[in-house]
Amino acid sequence: MPQYAVLIYSDDSAHALDATDEDLAEPNGHGDELSAAGVMTAAWAFTPRDLARSIRADGVAEGTFVDSPQVVAGVYIIEADGWDAALAIAGTNPAIRGAGGVEVRLVHSGGFVDPSRTN
């Protein structure tokens with residue numbers, strides 16, 4: 001079944017290092033629903049933008065790579081029969097109710113890396 005990456009764009013990530021269960025209830029609840037439905041195969045929440053570091057040819061800078069009103073707050077992978085199904089699933093993300101949104105991308109290749117593999 002095709003996999004789709006859902007990139008979550010928001011003013012910032014709710015997943016601060018000191019975030020409470022109450023702070024995370026909505027995004028974690030959404031993830032729990034997708035997991036229970038059997039469509040989400042992996043998910044990663046990113047910390048807020050002030051903890052980001054960007055690397056360029058001239059060195060490392062504090063902050064996000066692009067100065068933008070919204071940042072990628074997280075990403076998850078879903079399995080869906082096609083674009084319509086993927087968009088319907090991604091359209092339930094709570095980020096679309098505010099100033100943020102989601103971007104859906106068909107996964108071309110890749111997967112988890114086996115850390116025991118040697119080259």
Side-chain angles (χ1 to χ4, degrees):
M1 183 173 307
Q3 292 186 321
Y4 297 84
V6 180
L7 288 82
I8 306 163
Y9 288 86
S10 179
D11 293 336
D12 211 346
S13 174
H15 290 80
L17 297 177
D18 60 352
T20 65
D21 289 342
E22 183 179 325
D23 296 331
L24 301 176
E26 186 175 45
N28 288 353
H30 176 68
D32 291 344
E33 290 171 9
L34 295 182
S35 182
V39 297
M40 185 170 65
T41 62
W44 295 269
F46 303 144
T47 55
R49 68 173 76 215
D50 63 342
L51 296 175
R53 300 298 180 264
S54 301
I55 303 172
R56 294 180 173 79
D58 61 351
V60 177
E62 292 187 8
T64 57
F65 190 78
V66 176
D67 187 21
S68 172
Q70 292 158 342
V71 295
V72 179
V75 61
Y76 56 95
I77 306 297
I78 59 172
E79 290 184 334
D81 288 328
W83 276 106
D84 290 341
L87 294 172
I89 294 165
T92 65
N93 191 290
I96 66 170
R97 290 195 294 264
V102 298
E103 177 181 335
V104 182
R105 307 274 299 268
L106 179 62
V107 175
H108 177 271
S109 57
F112 289 100
V113 176
D114 181 357
S116 65
R117 189 179 108 198
T118 59
N119 293 341

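The figures here come from the full heavy-atom set of this structure, side chains too, leaving out hydrogens, waters and symmetry mates.
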Tell me the closest heavy-atom pair linking [X] and [Y], and the distance in Å.
X: Glu79; Y: Gln3; answer: OE2-NE2, 3.4 Å
X: His30; Y: Pro94; answer: CG-CD, 3.5 Å
X: Pro69; Y: Arg49; answer: O-NH2, 3.1 Å
X: Asp81; Y: Ala85; answer: N-CB, 4.1 Å
X: Ala14; Y: Leu24; answer: O-CD2, 3.3 Å

Run through Asp23, Asn28, Thr47 and flag the one making a side chain to side chain contact (heavy atoms under 4.5 Å, CB included) with His15.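 When side chain to side chain contact (heavy atoms under 4.5 Å, CB included) is applied between His15 and each of Asp23, Asn28, Thr47, only Asn28 qualifies.
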
Report the residue from Asp11, Val71, Leu17, Asp12 that forms a side chain to side chain contact (heavy atoms under 4.5 Å, CB included) with Pro48.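 Among the candidates, only Asp12 passes.
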
Can you get from [X] to [Y] by hopping between Ile, Leu, Val, Met, Phe, Trp and Tyr side chains that sit under 4.5 Å apart?
X: Leu7; Y: Trp44; result: yes
X: Ile96; Y: Ile89; result: yes
X: Val107; Y: Phe112; result: yes

Min side-chain heavy-atom separation [X]-[Y] under 4.5 Å:
X: Val75; Y: Phe46; answer: yes
X: Asn93; Y: Tyr76; answer: yes
X: Val104; Y: Trp83; answer: yes
X: Val72; Y: Tyr9; answer: yes

Can you tell me if Ser54 uses its side chain to pair, donor with acceptor, with the backbone of Gly63 under 3.5 Å?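 Checking the backbone N and O of Gly63 against the side chain of Ser54, a donor-acceptor pair under 3.5 Å is found.
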
Output the distance between atom CG (Leu34) and atom OG1 (Thr41), rounded to the nearest 0.5 Å.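 Between Leu34 CG and Thr41 OG1, I get 10.5 Å after rounding to 0.5 Å.
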
Under a 3.5 Å threshold, yes or no: a donor from one side chain and an acceptor from the other, between Asp32 and Ser35? no

